[in-house]
Q: 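Take a look at the following structure, please.
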Amino acid sequence: MTTNLPSTILGYPRIGANRELKRALESYWAGKISADDFLAAAKGLRLANYARLTELGLTEPAAIPDSHTFYDQVLDAAFLVGAIPERFADLDGLDAYFAVARGDATHPANEMTKWFDTNYHYIVPEIDSATEFAYTDTQIVDRYTEAAEAGYTVRPVVVGPVTLLALAKGTAAEPDFDPLTRLDDVLPAYAALLAELHGAGAPWVQFDEPALATDNLPADRATLIEQASRVYAELAALEDRPQLFLAVPYGDSSQAFDSLVATGVEAIGVDLDRGTLPEGARAEGVTIAAGVVDGRNIWRTDLQDAVRKLDSARESGARVVASTTTSLQHVPHTLDGETWDEPLNTNLHTWLAFADEKVTEIATLDRGLTDGWEAIEADIAASTEAITQRAETEGVTVASVRERTAALTDADRRRGDAAQRREVQHEKLQLPDLPTTTIGSFPQRSELRVARAQRRSGELDEAGYREVLKNEIKHVIDLQEEIGLDVLVHGEAERNDMVQYFAELLEGFAVTHNGWVQSYGSRCTRPSILWGDVQRTQSLGGEWIEYAQSLTDKPVKGMLTGPVTIIAWSFPRRDIPLAEVADQLALALRDEVADLEAKGTSVIQVDEPALRELLPLDADKHEDYLEWSVGAFRLATSGVREDTQIHTHLCYSEFNQIIDAIAGLDADVTSVEAARSRMELLESVEGAFSNDIGPGVWDIHSPRVPTTPELVDLIGAALENVPARQLWVNPDCGLKTRAYKETEQSLRNLVEATTTVRAGL
């Protein structure tokens, strides 16, 4: 079947408007439902999504993308081509799939890291010279047939071969192997998929190739574009195939555009929010899916600006349709049911567009493309009015906040000599070699979850809730002392999320009730909405740190989330530079840090796990970003005395690329994810990093309990690159997602392993 590509979205949230997939996944993993029940639940969600998208206006054949996955789209592509590590050879089906993603008692999981510059995590494929590729997974074709039988002509979405291999890593046997050298070997599997989709009657297939829009991968962009041009010319030359829609989301595709037009693919998707078409671009005979609706943020589209971009794209001679810039997997499902506190309850809805509202915007723009822009004049006027009204709303601009950031100087971002600080901190804290700690959060027991729900419903008053929090904090402190950790945490019992908690206490934020977004697998977050200038008008929870410290003689870390991470894990405003937003947040945190120090907190951790995440995809923007992001952290942490030890934490990103910036944070101790990659990061630390570092030795995103010998080996591997006097021992990340049974045993093994290694120093 041949049909024109209609206006469309590049993908849709997969977790479910009410997190249906999350519940099905976790029930299946817990053994509460069978595999058949899980598969039935996933099918029901897919069909419900198709029905919803049809209702919202995606009625043309192939307008609806099938971007569903049980866990991760990169993992799906690896299984599609048979790139399954040999250690999982004894497993098959869902057992193999979820073991690669999460690990189990006998199978360590594949590494997990951030998907380009988003907070979504993908499973890193492992590929070497011995990997045998074959078309081994028919799920994509099966889902197309399933949809067709239900009356929907969907468009399958697949991670393309260049991006799949560009994101892959070598195996333990060949750690330095370049998976891109296997590009020709993987193509027959993709060709087989195209033939099967053609046989099933699919008119279109979408290949996502975001690797062509970034400078942040090991292979340079020019090489990736050259390879993609060759590959898609080969795929386009196949006879038995659907029409090819080659999407280059997440960044500027202008460097690749002319080459991709020449391949013979029928449609190309471009992000016109973060990028442009090349000057004088010509694309006759090709459809351009112009990404004019931001798939990554929740602000309403400026329809007048979208019209301008669509008209400009038409000058290329191409047929032009409207599209989102990326998959909508990065935004919540719908505004329906959301309410806001005063003064936003009459305003915020008109400023925002979640996934369903963005689909409606695409349908509106499609109507304008088809019937003329005069057909949507009222819609354009309404969007312009909302943008104007937002700019004039009280709190969007606060003079006192702007005056404070304008008065900042370099001195506000500097501390004293690091070596001198280490000496006075060592004298004050009296910690042993290889001090042990955790990252911050602990599992939250059912008593706490019940109390939180009762507080929301009014069944439990504030005093009763505070008693529950105190009991939970005491439990965490007592447990850590009994296990034998050196620097303790209060466990963050009062926090529902490491960003939302602060958003609820700071001015300039709004929080959602059901704005869930998938982070990885079944893990979802509710990003807050950063709509106005940020002010700290109350404590950010220092009383709980003070209470925890009163229960022990060991140091308890004061826990805060850093300015860059708050931005990255919220939906930030776009009307002022992010550097200004970061400084506003940093000043609020600086005030809290000063209060913590004044109340006797001697160790303060300001987490920045998103530092690498927000690194721009274009290399020419790196320097500016790193200057303001590092500067914001230093602004938040540079007001303390020399004997106050500042920690930070970073996780699940490729940090080797910014190791100098991490050193530039000038934290006294930096803890960082390193377990799944077996200390790979530390190869770049020597010579660049003079302060203390705590590479994670326990992968907390897997249900596996690491054995003591495993941990001894990892600590030993870390000591190959880091002197013992600078090395801390800790998990990869916070423990909130883990159960108490595995948490306790893992921490006991961690302390036992550290004791063993200390004895041999």
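Position 1 is the first residue of the sequence, and the numbers go up from there.
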Q: Looking at residues at least two apart in the chain, or sitting in another chain, which of them share a side-chain hydrogen bond (donor to acceptor under 3.5 Å, both in side chains) with S522?
A: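 Only E26 meet the side-chain hydrogen bond (donor to acceptor under 3.5 Å, both in side chains) criterion with S522.
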
Q: Test of understanding: with side-chain hydrogen bond (donor to acceptor under 3.5 Å, both in side chains), list the residues that count as partners of Q73, not counting sequence neighbours.
A: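 Scan of Q73 (side-chain hydrogen bond (donor to acceptor under 3.5 Å, both in side chains), adjacent residues dropped) gives R14, Y120.
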
Q: Can you sort out the partners of E504 under side chain to side chain contact (heavy atoms under 4.5 Å, CB included), two or more places apart, ordered by chain and number?
A: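 Scan of E504 (side chain to side chain contact (heavy atoms under 4.5 Å, CB included), adjacent residues dropped) gives N496, Q500, V511.
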
Q: Can H68 and N49 be said to form a side chain to side chain donor-acceptor pair (under 3.5 Å), step by step?
A: CA-CA 10 Å; H68 295 93; N49 284 342; 3.1 Å; yes

Q: Once you round to the nearest 0.5 Å, how far does OG1 of T287 lie from CD of E266?
A: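 Result: 8.5 Å between the selected atoms.
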
Q: To the nearest 0.5 Å, tell me how far L56 CG sits from T334 OG1.
A: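 Going from CG on L56 over to OG1 on T334, the span is 8.0 Å.
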
Q: Does any part of the side chain of P161, heavy atoms only, come nearer than 4.5 Å to the side chain of Y232, both counted from C-beta?
A: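 Result yes, sub-4.5 Å side-chain heavy-atom pair found.
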
Q: Tell me, please, which residues at least two apart from R23 pass side-chain hydrogen bond (donor to acceptor under 3.5 Å, both in side chains).
A: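 Counting only residues at least two positions away or on another chain, R23 forms no side-chain hydrogen bond (donor to acceptor under 3.5 Å, both in side chains).
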
Q: So, using salt bridge (charged side-chain N to carboxylate O under 4.0 Å, His left out) as the criterion, who are the partners of D72 when residues are at least two apart?
A: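 In terms of salt bridge (charged side-chain N to carboxylate O under 4.0 Å, His left out), with neighbours along the sequence ignored, D72 is linked to no residue.
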
Q: Can you tell me how the ring of Y152 sits relative to the ring of Y50, calling it parallel under 30°, perpendicular over 60° and tilted otherwise?
A: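 Aromatic pair Y152/Y50 classed tilted.
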
Q: Does R143 have any salt bridge (charged side-chain N to carboxylate O under 4.0 Å, His left out) partners at least two apart in sequence or in another chain, and if so, which?
A: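 R143 satisfies salt bridge (charged side-chain N to carboxylate O under 4.0 Å, His left out) with D66 once adjacent residues are dropped.
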
Q: Strictly below 4.0 Å, N to O, side chains only: are D618 and R221 in salt-bridge contact?
A: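 R221 and D618: salt-bridged.
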
Q: Below 4.0 angstrom, N of the basic side chain to O of the carboxylate: do D117 and R274 qualify?
A: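 Salt bridge between D117 and R274, a charged N being under 4.0 Å from a carboxylate O: yes.
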
Q: Judged by atom type as modelled, is there a donor-acceptor pair below 3.5 Å linking the side chain of H349 to the main-chain atoms of N347?
A: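 No; judged by distance alone, with no hydrogens or angles, the pair does not exist.
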
Q: Classify the side-chain pair H333/N514 by whether it contains a donor and acceptor separated by less than 3.5 Å.
A: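 Side-chain D/A pair, H333 to N514: absent.
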
Q: Take the angle between the ring planes of Y520 and Y71 and call it parallel below 30°, perpendicular above 60°, tilted in between.
A: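 Geometry flag for Y71 against Y520: tilted rings.
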
Q: How about E338 and F354: do any of their side-chain heavy atoms sit closer than 4.5 Å?
A: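 E338 vs F354: side chains touch.
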
Q: Do D497 and W569 come close enough that some side-chain heavy atom pair is under 4.5 Å?
A: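 D497 vs W569: side chains apart.
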
Q: Less than 4.5 Å apart, any side-chain heavy atom of Y501 and any of L505?
A: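 They are in side-chain contact.
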
Q: Per the salt bridge (charged side-chain N to carboxylate O under 4.0 Å, His left out) rule, what does the pair list look like for residues 278-291, sequence neighbours excluded?
A: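 Every pair satisfying salt bridge (charged side-chain N to carboxylate O under 4.0 Å, His left out) with a residue in residues 278-291: R282-E284.
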
Q: If you round to the nearest 0.5 Å, how far is CG of L611 from OG of S629?
A: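 One gets 5.0 Å once the value is rounded to the nearest 0.5 Å.
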
Q: Using a distance-only test with no angle check, is there a side-chain donor-acceptor pair under 3.5 angstrom linking D76 and T69?
A: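 Yes.
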
Q: Indicate yes or no: does D379 engage R367 in a salt bridge with an N to O separation below 4.0 Å.
A: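 Between R367 and D379 there is a salt bridge, with a charged N closer than 4.0 Å to a carboxylate O.
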
Q: Relative to the ring of H330, is the ring of Y250 parallel (under 30°), tilted (30 to 60°) or perpendicular (over 60°)?
A: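 Ring orientation of Y250 relative to H330: perpendicular.
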
Q: Going by the rule side chain to side chain contact (heavy atoms under 4.5 Å, CB included), which residues pair with P242 if we only count those two or more places apart in sequence or in a different chain?
A: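 P242 satisfies side chain to side chain contact (heavy atoms under 4.5 Å, CB included) with L194, L197, H198, A202, V205 once adjacent residues are dropped.
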
Q: I want to check something: taking the side chain as every heavy atom from C-beta on, are R155 and P203 in contact at a cut-off of under 4.5 Å?
A: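 Not in contact.
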
Q: Distance check, rounded to the nearest 0.5 Å: W115 atom CH2 versus S327 atom OG?
A: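 These two atoms lie 9.5 Å from each other.
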
Q: Output all residues satisfying side chain to side chain contact (heavy atoms under 4.5 Å, CB included) with R402, sequence neighbours left out; order by chain, then residue number.
A: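 Residues passing side chain to side chain contact (heavy atoms under 4.5 Å, CB included) with R402: T397, D533, R573, I576, E580, Q584.
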
Q: Output side-chain donor-acceptor pairs under 3.5 Å for residues 369-377, partner residues at least two apart or in another chain, one line each.
A:
residue : atom : partner : partner atom : Å
T370    : OG1  : D366    : O            : 2.9
W373    : NE1  : D311    : OD1          : 3.1
W373    : NE1  : D311    : OD2          : 3.3

Q: Using the side-chain hydrogen bond (donor to acceptor under 3.5 Å, both in side chains) criterion, which residues pair with S229? Sequence neighbours excluded.
A: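 So S229 forms no side-chain hydrogen bond (donor to acceptor under 3.5 Å, both in side chains) with any residue.
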
Q: To the nearest 0.5 Å, how far apart are CZ in F509 and CD1 in I529?
A: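 The CD1 atom of I529 is 11.0 Å from CZ of F509, to the nearest 0.5 Å.
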
Q: With D294 as reference, evaluate R574, K309, K358 under the salt bridge (Lys or Arg N to Asp or Glu O under 4.0 Å) test and give the passing residue.
A: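 The option that passes is R574.
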
Q: If only atom types and distance count, is the side chain of D220 paired as donor or acceptor with the main-chain N or O of A222 below 3.5 Å?
A: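 Looks like yes, one N/O pair under 3.5 Å.
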
Q: Quick check for you: to the nearest 0.5 Å, what is the distance between T301 atom OG1 and I380 atom CD1?
A: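 Taking OG1 in T301 and CD1 in I380, the distance rounds to 12.0 Å.
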
Q: Suppose we screen for side chain to side chain contact (heavy atoms under 4.5 Å, CB included). Which residues come up paired with V286, at least two apart in sequence or across chains?
A: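 Residues passing side chain to side chain contact (heavy atoms under 4.5 Å, CB included) with V286: V261, I268, A283.
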
